[in-house]
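Working notes for the structure below.
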Amino acid sequence: MSLDDHKAIKHIHDAMAQDPRWQVIVLGNSWLCPYCGEVGARGLSMESEVEHEVLQHLRSVCPDWRAFQGKLISQKSLDKRAAQVSFQAKVEKLIAKDDRFSVFDLAGQWICPFCLRPVDLEDADALAARARHMRKCASYRERKEKGLARSSAVREAAETSNLKLRTRKVKKRLLKKPSWQLRDGKQRWLCPFCATFPGQFLSDPPREKDIAKILRHLSSCTEAHDLAGTERDLRSLRAILAREIKKQSLKALRRKTKKYPAWFQRDMEIIWYCPFCAERTEVYFPEAARDEASTLMEALRHFERCSKYKSGKPQSLQAIQKEVERNNQLIKLKREIRRSLSSDARFTVANILGAWACPYCRQVVSDIDLPKGAESVELPPVAEKIAQHLLNHCDSWGKREPVEAAELSAIADGRVRPTLAPRQLPSIEEDVLISLGREVAELKTYLRNEREGLEDARNKQRRLLPRVPEIEGYEFGYYYEPCEALGGDFYDFIPSRAGLGIAIGDISGHGIGAGLLMGLAKKLLEVHGRDRSSPKETLSLANRDIFPDLDARTFVTVCYSLLDAKKRTLRMVRAGHNPLILYNPDRDPELMTFEPQGIALGMDAGKLFDKTLQEETIQLQSGDLVFQYTDGITECQNEAKQELGSKHLHQIIRTHGKEQAEYVIFKVVKALEAFRGEARVQDDVTLLAFKVL
């Protein structure tokens, strides 16, 4: 032992003999350090070398000793500290022998077995924290150990605390997470864990009783695992929700068509009438089809297009029946007229220009084309026009018998004045009249043949345009309307090994030539896009092949994209076409336009085209609306020669972009028609959009 040790031990001995602060003993035989207030020597006895154990504590453990230069704790504080140490030891013994002291809730809070309240043990020393709580606990101070609650009561207190914790967690998720806010048409909540509809109704904002019902489901949900389970991704949940809503809509429509007469009104041709707009639809709806999903789906598709369906207010039964009665009258009249056109000479009279003469009012109706010879008459469209004339314009129909054919023919040729609403034709010599009639008849025949050929070509061109694809997590929509019989706009969906190719394009000009080039451009994109994963390479090859077939004034603008549905990426190139619009109210900014560089197809044989063409990748997310269009939209002119413009289009998308893709397109088309007014349509119009669910 060194001299310093002897001096230190002597100092300790003297201090313990003279200063009561060095004499505090706790737990029967443990010494309390007057510097740090902690137990410095344990298990002391008469044989113990007390001074040596104290010196070892001072040198090795005590942070406040400082070679006897540290400040000693006051006697009062030491006594208080001694009481704490003794009480903490008592608590430790209680914990060791009674499991009621070891109950915690889900947040790690200790349930006091006296007051049954959760205690947050913030200190690293949990034992000390529990002891501090018990010294303050009124239930313990009043009855000591006799105040211990039953084990069942402690567990119930823990469950009550857990319930409050779960309630706060669920409420927070219901308010913040979109995947927790999904509800079907009946406002039933969709569980994000098991992806089922357990029957709990969810109000907005959620009420306490709603949360309580959801908690009851989660307690039995095998995939929730006390809110720690793996939640389904939002896209798959929305797809499940869409299927459920569709199923419910079919069920509701089936029930309403059977229960409410206003929901099942049909005319003589078994065509169904919408209960919201009260208009004749295109749905053939026989009685036996009330349980057929295909027919019900056609009715639901009408609802998607019906502007009045959005209001949710059906028309009265009387209003719908009135419309049905009016159309039944029209149908009957058309049938009678078709029979009359085939068998009654009074209904087959036309003037030298082929305009039909009404046997009732004796007027020539210029917009009803009726060539000579009943066998050449296209009965359905002619009958439709005649019926509309009789119902809406003829004051004599139903009031008098039709005039004989000979008299009507004389009136139509101008040889006799009509007795009603006279319209005298200029005098023409009979031989000149006959000659002119032959020439006009030949011209009408030629024009009719040309029109039939164009109509056939128009139908064939429309058949080339594809139907929208069905991809889980996405919904598509389109609109296509050429300004002439044949159009130069096109769109296409091309399956490829890298995803879905999406194309929209516009041939310079319109008419027959543009229609032919449209088919060529569309086919080249389909051939080159099918086996390639690069949109840029696809357009490059298409330009190389189409360039020799275009003259110097003709070109093709195209926007071609490749959608990877799983990765939610859209790789796009733009060859001189209008910008692609991306709208999502959750993005900042909410509306963006993408217009990577690129010149139109047919403007260069290859080098310059490939050099200027840039490819851009868009990372999609839920709620995105991708909108594409041809210049027939933005360059549409009204009667004052003003153009609609991109700003107006952007505003329409901002207003309705939260809705389904088809509804957004519907609103754009309606806005376009309202803007154009009575002005002539000057260009083809094509819209293409899809929504990320």
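All values below were derived from every heavy atom in this structure, side-chain atoms included, with hydrogens, water molecules and symmetry-related copies excluded. Values in this document were obtained by computation on a predicted structure and should not be read as measured data.
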Quiz item: Salt-bridged, Glu475 to Lys691, with N to O below 4.0 Å?
Solution: no
Quiz prompt | All pairs passing side-chain hydrogen bond (donor to acceptor under 3.5 Å, both in side chains) where residues 620-634 contributes a residue, at least two apart | solution = Asp489-Thr630, Arg568-Ser622, Asn584-Asp624, Arg587-Asp624
Exercise. Not counting sequence neighbours, which residues clear side-chain hydrogen bond (donor to acceptor under 3.5 Å, both in side chains) with Asn162? List them please.
Key: none
Quiz prompt | CZ on Arg166 to CG on Leu227, rounded to 0.5 Å | solution = 7.0 Å
Self-check item: Other residues, nucleotides, ligands: >12 heavy atoms within 6.0 Å of Tyr478 OH
Solution: no
Exercise. Check side-chain hydrogen bond (donor to acceptor under 3.5 Å, both in side chains) between Tyr560 and all other residues, then give those that pass, not counting sequence neighbours.
Key: none
Quiz prompt | Partners passing side chain to side chain contact (heavy atoms under 4.5 Å, CB included) against Arg290 (at least two apart in sequence or in another chain) | solution = Thr257, Lys258, Phe264, Phe285, Glu287
Quiz item: Ring centroid separation for Trp180 and Phe193, is it under 6.0 angstrom?
Solution: yes
Quiz item: Between Glu231 and Lys177, is there a side-chain N and carboxylate O pair less than 4.0 Å apart?
Solution: yes
Quiz item: In chain order, what residues pass the side-chain hydrogen bond (donor to acceptor under 3.5 Å, both in side chains) check against Glu323, with sequence neighbours excluded?
Solution: Arg326, Asn327
Quiz item: Are the aromatic rings of Phe276 and Phe303 close, with centres under 6.0 Å apart?
Solution: yes
Quiz prompt | From Phe493, Phe627, Tyr491, residue fulfilling ring pair (Phe, Tyr, Trp, His ring centres under 6.0 Å) relative to Phe476 | solution = Phe493
Quiz item: Does Thr557 have any side-chain hydrogen bond (donor to acceptor under 3.5 Å, both in side chains) partners at least two apart in sequence or in another chain, and if so, which?
Solution: His577
Quiz item: Which of these passes side chain to side chain donor-acceptor pair (under 3.5 Å) with Glu615: Arg574, Lys536, Arg571?
Solution: Arg571
